[in-house]
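Note sheet for the following structure.
Numbering of ligands and ligand atoms starts at 1, following listing order. Counting begins at 1 with the first residue of the sequence.
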Amino acid sequence: MIPAAVEYTRPSTVDAAIEVLADEDAKVLAGGQSLIPLLRLRLSAPTVLVDLGALADLRGVRQDGDDLVIGAMTTYDAILRDPLVGRYAPLLAAATQTVGDRQVRHLGTIGGSLAHADPAGDLPAVSLALDATMEVTGASGTRSVPATEFFVDYLTTALAPGELLTAVRVPNNRVAQGWALVGVAALCRRDNGNIADIRVALANMAPTPVRATAVETALTGAQAHHTAIIPACDRAAEGTSPADDLSASAGYRRHLACVLTKRAITGCIAGYVDET
Ligand SMILES: Cc1cc2nc3c(=O)[nH]c(=O)nc-3n(C[C@H](O)[C@H](O)[C@H](O)COP(=O)(O)OP(=O)(O)OC[C@H]3O[C@@H](n4cnc5c(N)ncnc54)[C@H](O)[C@@H]3O)c2cc1C
């Protein structure tokens, strides 16, 4: 369907956008991925559309003290490619990867996703888990709304009429130290459903990094199937001499080596290209 006639404006400052939004029939347009279909179906019929596309201040990710501040007009695609998000909020990157298709990720914005508040949407739940805070600006100034108070009802948020979501503030969830209790690196080459070649290396299971040779021997030439992989991985700690210290017991490290080897090899096989 063709949307009803609507006045269109593309302000160049947040203040100018807020001024137009004072009109109670005005509606914000971000990436249009949810709004345009509603306009076409005439389920939404504003008199003015306020396109935020020219507001460069609302795009991008920056670090502010311990927080990441993500502009409301930052697209899914930009979030996925942002090194700060990858480093400090990998959950956000992982969830964004699964949103829609390339076109939706190229146009859709984090602000649009949160303001739309679709209960099936990915980022509203992620913002709750990340303990995010929404930065909201209106004619009477700026306020912060925790994610726990932002989602009020079906497709309804705590945004008051005339208010704009300008940014999402995400606390840095990265721990300062990330020494592995145990680490596993695996590479494999598959040939016709069998494992033609496999290398598995373990960190922190001996005074030096070591190869899990029992696993490699058991799996070389075996079927690339969990019936072969699981029992082979139970042998990951064979021949190792892990430390027994304040961080973990030797027994726990042996157990972890088996669990992580299973995950690494399963991931390797599932994501197989030529060598993973
Ligand atoms: C084919 C398809 C597949 C999709 N798949 C998924 C999926 O797998 N997972 C998922 O989570 N989502 C999915 N979506 C929805 C998508 O995430 C939308 O992009 C998102 O819901 C809206 O973002 P937008 O930037 O396009 O906002 P718009 O559509 O422009 O706006 C949505 C609503 O939010 C308001 N709004 C937008 N920005 C602001 C702001 N800064 N301040 C105040 N109000 C604002 C608008 O007025 C409108 O009411 C899909 C959409 C499509 C079309």
### Query
Quick one: do Glu216 and Arg199 make a salt bridge, cutoff under 4.0 Å?
no

### Query
So Thr142 and Thr137, side-chain hydrogen bond (donor to acceptor under 3.5 Å, both in side chains) or not? Walk me through it.
CA-CA 4 Å; Thr142 296; Thr137 301; 3.2 Å; yes

### Query
Name the residues in contact with ligand 1, where contact means a heavy atom under 4.0 Å away: which are they?
Lys27, Val28, Leu29, Ala30, Gly31, Gly32, Gln33, Ser34, Leu35, Leu52, Ala72, Tyr76, Thr98, Val99, Gly100, Val104, Gly108, Thr109, Gly111, Gly112, Ser113, Ala115, His116, Gly121, Asp122, Leu159, Leu164, Leu165

### Summary
Output for pair (Leu159 CG, Arg143 CZ), nearest 0.5 Å, gives 7.0 Å

#### Entry: Of all pairs that satisfy salt bridge (Lys or Arg N to Asp or Glu O under 4.0 Å), the ones with a partner from residues 101-113, not counting sequence neighbours
none

#### Entry: Asp234 and Lys262 ion-paired at < 4.0 Å
yes

### Task
Using a strict cut-off of less than 4.0 Å between a Lys/Arg side-chain nitrogen and an Asp/Glu carboxylate oxygen, indicate whether Arg190 and Asp197 qualify as a salt bridge.
no

